[in-house]
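In what follows, a structure is listed as structure tokens, so that the remarks can point back to it.
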Amino acid sequence: MRIATWNVNSLGVRLGHVEEWLSYASPDVLCLQETKLSDGAFPHERFAALGYESAHNGPGRWNGVAILSKVGLDQARSDFSEPSPELAEGRFLIARCGPMDVVSVYVPNGRSLESEHYEIKLGWLRALGREVAAQRAAGSAPLAVCGDFNVAPEDKDVWDPAQLVGSTHVSVPEREALESIVSLGMVDAFRQLHPEDRLYSWWDYRAGRFHKHEGMRIDLVLLSTDVADKAGFALIDRFARRQKQPSDHAPVLVDVEL
DNA sequence: ATGGTAGAGCATCTA
């Protein structure tokens, strides 16, 4: 089973890119983030034409997450189990896709360490942790939590740790919040297969960051430990970041032998 | 310290 995640930074702009990528990468499940679409505007039929069922959670204008699946898509849910209004912004979606429960997340950016949005980000990660814990406790299917976490897990996941001191994405509380989710019984599947540095999934559009390969690895596929050792192949598709009118994120894919 | 680019949408806000 091939599971992928991609922050597309507007599906309206990137629909053609996604269709092309589906045709050559052929994932069984693709989680999307930052569709920037309302639910009514989501192009379900375009993906159905390629053999994918789809579910979407988005308010319009900002955020928006989706799951596409060609191995079935059932019980889609877009609220946390313990709902809380400020957390409902088109950032969470869970569905059963064949043998796995799959979550697509778009974690709040946080803006700056001083911002109230930084505290919201930490609270959101804690809420996601409770969701993962509940899911693991319910415990039937293996779980994949995929998406743009807006956290670089370690210093080797960023191009220049010194330049980022005092910034979001690398602060200790953010990394601890991510680690507390992982410690519930999840594995960073790409990192497990690729321990080396300089492997990024996002590059700022500005300042020629992609050209200089100055990026961060913030797009993750977390697999529950019961299937993590069945992940045999993982890839960040930098070609998708190099094409014309790209997203600022590259797709990340993981093959799990299920 | 700020800027640099991109997207939504038409003034800025978000990233």
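Keep in mind that what you see is a predicted model, and the values were worked out from it rather than measured. Proteins come first, then strands; the chains are lettered A, B, ... in the order of their sequence lines, and each starts at number 1.
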With ring centroids as reference points, do A:F80 and A:W124 lie under 6.0 angstrom apart? yes
Just the rounded figure in Å: distance from P of B:dA8 to CD of A:E89. 18 Å
B:dA11 and B:dG7: how far apart are their C1' atoms, nearest whole angstrom? 15 Å
By side chain to side chain donor-acceptor pair (under 3.5 Å), A:R61 pairs with (sequence neighbours left out) none
Using atom C1' in both nucleotides, what's the gap between B:dG9 and B:dT14 to the nearest angstrom? 13 Å
Say whether A:E89 and A:N63, considering side chains only, have a donor N or O and an acceptor N or O under 3.5 Å apart. no
Check this for me: does any side-chain nitrogen of one of A:R206 and A:D248 sit under 4.0 Å from a carboxylate oxygen of the other? no
I need the CG-P distance between A:L11 and B:dA8, as an integer number of Å. 10 Å
Tell me the interatomic distance from A:E214, atom CD, to B:dG4, atom C1', rounded to whole angstroms. 12 Å
Below the 4.0 Å mark, does B:dA8 have OP1 or OP2 next to a side-chain nitrogen or oxygen of A:S10? yes
In terms of side-chain geometry, is the basic nitrogen of A:R2 or A:D255 positioned less than 4.0 Å from the acidic oxygen of its partner? yes
Atom-to-atom span, NZ of A:K212 to C1' of B:dT5 - whole angstrom: 13 Å
Can you check the A:L37 CG to B:dG7 P distance for me, whole Å? 14 Å
By nearest-heavy-atom nucleotide on DNA chain B, the more 5' of A:R209 and A:V13 is A:R209
Inter-nucleotide P distance (B:dA6, B:dT2), Å rounded: 23 Å
Report each atom pair, protein N/O against N/O of nucleotides 11-15 of chain B, whose distance is under 3.5 angstrom.
residue	atom	partner	partner atom	Å
B:dT14	OP1	A:R111	NH2	3.2
B:dT14	OP2	A:R111	NH1	3.2
B:dA15	OP2	A:R111	NE	3.1

Show me the pairs that pass ring-ring contact (aromatic ring centres under 6.0 Å, His included) and involve residues 27-52 of chain A, at least two apart or across chains. A:F42-A:H44, A:F42-A:F47, A:F42-A:H56
Check whether A:R238 reaches the backbone of A:A250 with its side chain - one donor and one acceptor, N or O, closer than 3.5 Å. no
Expressed as a whole number of angstroms, how long is the span from A:E114:CD to B:dA1:P? 13 Å
Separation of the C1' atoms in B:dG3 and B:dA15, to the nearest angstrom: 15 Å
Without decimals, in angstroms, what is the distance between A:R241 CZ and B:dA6 C1'? 10 Å
A:N7 CG - B:dA6 P separation (whole Å): 16 Å
